[in-house]
2 protein chains.
Amino acid sequence: MASRTIENYLKQIYLSRPADETQWLTMGKLSMAVGVTPGTATSMVRAISDAHLVEYEPRAGVRLTPAGEQLALHVLRRHRLIELLLVKVLGLDWSEVHAEAEELEHVVSDRLLARIDEILHHPAFDPHGDPIPTAGGVVRRQDCCTVLDCPLDSPTRIARILDQSAEFLQYVNVCGLLPGAEISVASRNHQAQTVEVMVIKSGEKQALTLSFAVAEKFFVQTT
Amino acid sequence: MASRTIENYLKQIYLSRPADETQWLTMGKLSMAVGVTPGTATSMVRAISDAHLVEYEPRAGVRLTPAGEQLALHVLRRHRLIELLLVKVLGLDWSEVHAEAEELEHVVSDRLLARIDEILHHPAFDPHGDPIPTAGGVVRRQDCCTVLDCPLDSPTRIARILDQSAEFLQYVNVCGLLPGAEISVASRNHQAQTVEVMVIKSGEKQALTLSFAVAEKFFVQTT
DNA sequence: AAAACAATTTTGGGCAAGCAAAGTTAATTG
DNA sequence: CAATTAACTTTGCTTGCCCAAAATTGTTTT
Ligand SMILES: [Mn+2]
Ligand SMILES: [Mn+2]
Ligand SMILES: [Mn+2]
Ligand SMILES: [Mn+2]
């Protein structure tokens, strides 16, 4: 059994892996993601590599083996199912569940997880719109664009938000930009680096301005 | 914050404390309860005593300070509320929830615990009939007798079972001796050390024989 | 090509928990 | 009382995980 430390490393290696599959994740990035000093990450990765859960190339970086990826996806599945349970059944606010799940993901048994999955009717997405890997370790990929690059003036639906920080999610809540919300992008200003978004908030249409950096965090799906 | 190890020690010191308040809990008993060697218990208790959570008297034993007791009761509250949640909301069998709660009790936040308490309508007892300490750390004491010493031939109700092992609880399940079940004690045989119990199992009355040792595990309340 | 820089690895050390086995103490027994 | 025994404590060692700071390496810059 992998320790909770190792589970956290594997999960972060998965989440922080570079888009280009041939690339390695550097120790600097990993140590930041896990929240330890670079030296600690190096020696931990050495150990995890001895267990054949990652490949490690000194001065290049780290990459999950198939076994390591399965384990990472299992942790991610636990994390996201727990988040959804906390929102749907326990009634916590979606801005607080990430921190909570960060701990719970390491102690929930397979049996309990199966019950949670049943109660939620085998959901495909967590409260932030992140896909929940299947019990078999498969991630159903949804290709969609962001508020930054979707077509203008067409009605779309927010599908996913790429930020787990409680403060940001509370702001998102206030704006009504939650997953499922219908919006359309009115315009983009490349000089000011801002996007103007129309959102239906408690019945009436409202305009909202976001920076490019923030717009990029919102994935949308054309309806 | 107390580590999960310390939380476990405090909880076991509370649960294993001798009935006589003036007595100390010996290191032997404690090390058995926690599942470590006696030497480990001794040095751990020394450390916890430095934190003023217990009093430790070499060669006598250990005893909780008021601060330590509050912490222990908090852990116990988490444990028992979680057990009830797992049974009532998640639909786990009551024989499996103890092991599950043993881990979860250390990672559930105050906020989540408050939600659980609300959803369950501030329950007073867990699935085994054990009292749930209040948020203020008060244990509501119910004085009742056991199947070993209750009056004969009077209808009573099972209130509490003093054994958390899954196998035993599954047997209890089969016999219909769960908390809430109506029973009456027909006779006791002091030579054979057995008790004959009448229990209403799926409509019809059934007779059941238990040893003194097992009878003692069932607390009953006269109805 | 040399110097400077940034990223990474190595070294040395710390803390929390644990075990095994040796040493101590206190109670029990002959 | 002396000897034995059982319970407890001490000692020495291990493992997992972490940090700070020094050393190394690969890449830019000058
Ligand atoms: Mn985690
Ligand atoms: Mn999420
Ligand atoms: Mn526990
Ligand atoms: Mn219980």
Side-chain angles (χ1 to χ4, degrees), chain A residues 1-14 16-18 20 22-64 68 71-72 75 102-103 105-107, chain B residues 1-14 16-18 20 22-64 68 71-72 75 102-103 105-107:
Chain A
M1 264 304 90
S3 68
R4 94 183 34 209
T5 302
I6 290 179
E7 287 190 347
N8 278 330
Y9 274 83
L10 292 175
K11 198 182 68 170
Q12 292 304 335
I13 293 170
Y14 178 83
S16 312
R17 97 212 101 112
D20 178 354
T22 67
Q23 294 293 303
W24 301 76
L25 173 64
T26 63
M27 288 300 122
K29 298 249 175 69
L30 176 59
S31 67
M32 287 283 300
V34 176
V36 295
T37 59
T40 301
T42 298
S43 55
M44 231 8 246
V45 161
R46 276 212 131 81
I48 300 175
S49 147
D50 290 346
H52 305 290
L53 295 170
V54 298
E55 290 176 76
Y56 167 61
E57 195 71 50
R59 314 236 162 221
V62 67
R63 200 163 24 178
L64 292 170
L71 237 164
V75 178
E102 203 57 54
E103 294 298 314
E105 65 188 356
H106 308 292
V107 299
Chain B
M1 266 301 92
S3 70
R4 95 182 33 211
T5 302
I6 290 179
E7 287 190 347
N8 278 330
Y9 273 81
L10 292 176
K11 197 183 68 172
Q12 293 304 337
I13 293 170
Y14 178 83
S16 311
R17 98 213 100 113
D20 178 353
T22 66
Q23 293 293 302
W24 300 77
L25 173 65
T26 64
M27 289 300 122
K29 298 248 176 71
L30 177 58
S31 67
M32 287 284 299
V34 176
V36 296
T37 59
T40 301
T42 299
S43 55
M44 218 28 231
V45 162
R46 275 213 131 76
I48 301 174
S49 146
D50 290 346
H52 305 292
L53 295 170
V54 298
E55 289 176 77
Y56 167 60
E57 195 70 49
R59 311 232 164 226
V62 66
R63 199 165 23 178
L64 291 170
L71 236 163
V75 178
E102 204 55 56
E103 294 298 314
E105 65 188 357
H106 307 292
V107 298

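Below, read A as the first sequence line, B as the second, and so on, with proteins coming before strands; counting in each chain starts at 1.
- Rounded to the nearest 0.5 Å, atoms CD1 (B/Ile48) and CD1 (B/Ile13) are 5.0 Å apart.
- Protein atom CG of A/Leu30 is 10 Å distant from nucleotide atom P of C/dT8, rounded to whole Å.
- Rounded to an integer number of Å, the gap from CD1 of A/Ile48 to C1' of D/dC17 is 11 Å.
- Side-chain contact check for A/Leu10 versus A/Val54: some heavy-atom pair is nearer than 4.5 Å.
- The phosphate of C/dT9 has neither OP1 nor OP2 within less than 4.0 Å of any side-chain N or O from A/Ser43.
- Put simply, CG on B/Leu10 is 11 Å from P on C/dA17, counting in whole angstrom units.
- We find that CE of A/Met32 is positioned 14 Å from C1' of C/dA7, with the value rounded to whole Å.
- Considering only side-chain N and O atoms, B/Arg4 lies nowhere under 4.0 angstrom from the phosphate OP1 or OP2 of C/dA16.
- The side chain of B/Tyr9 places no N or O atom within less than 4.0 Å of a non-bridging phosphate oxygen (OP1 or OP2) of C/dA16.
- The side chain of A/Thr26 lies closest to C/dT8 when the candidates are C/dT8, C/dA17, D/dC18.
- At least one side-chain nitrogen or oxygen of B/Thr40 sits closer than 4.0 Å to the OP1 or OP2 atom of C/dC19.
- At a threshold of 4.0 angstrom between heavy atoms, the contacts of B/Gly39 include nucleobase atoms, whether or not backbone atoms are also involved.
- The side chain of B/Met27 has D/dC8 as its nearest neighbour among C/dC19, D/dC8, C/dT8.
- If you check C/dC19, D/dA20, C/dA26 against the side chain of A/Thr37, the one that comes closest is D/dA20.
- Atoms CD1 (A/Ile6) and P (D/dT15) sit 15 Å apart, rounded to a whole Å.
- In this model, the phosphate group of C/dT8 is not approached by any side-chain N or O of A/Tyr56 to a distance below 4.0 Å at OP1 or OP2.
- Counting heavy atoms from C-beta outward, A/Arg17 and A/Leu64 have side chains that stay 4.5 Å or more apart.
- At a threshold of 4.5 Å between non-hydrogen side-chain atoms, the residues B/Lys11 and B/Leu71 do not count as touching.
- Minimum interatomic distance between B/Arg46 and B/Tyr56 (heavy atoms only, all atoms of both residues): NH1-CE2, 3.8 Å.
- In this structure, the side chains of B/Met44 and B/Thr5 come closer than 4.5 Å at one or more pairs of heavy atoms.
- A/Asn8 has its CG atom 14 Å from the C1' atom of D/dG16, to the nearest Å.
- A close approach under 4.0 Å does occur between a side-chain nitrogen or oxygen of B/Arg46 and OP1 or OP2 of D/dT10.
- D/dA7 atom P lies 14 Å from atom CG of B/Leu25, rounded to whole Å.
- Whole-Å rounding puts the B/Arg59 CZ to D/dT9 P distance at 6 Å.
- The side chain of A/Met44 lies closest to D/dC17, out of D/dC17, D/dA7, C/dT8.
- Comparing C/dT10, D/dC18, C/dC19 against the side chain of A/Thr42 picks out C/dT10 as the nearest.
- Distance from the side chain of B/Thr5 is smallest to C/dA17 among C/dA17, C/dC19, D/dT9.
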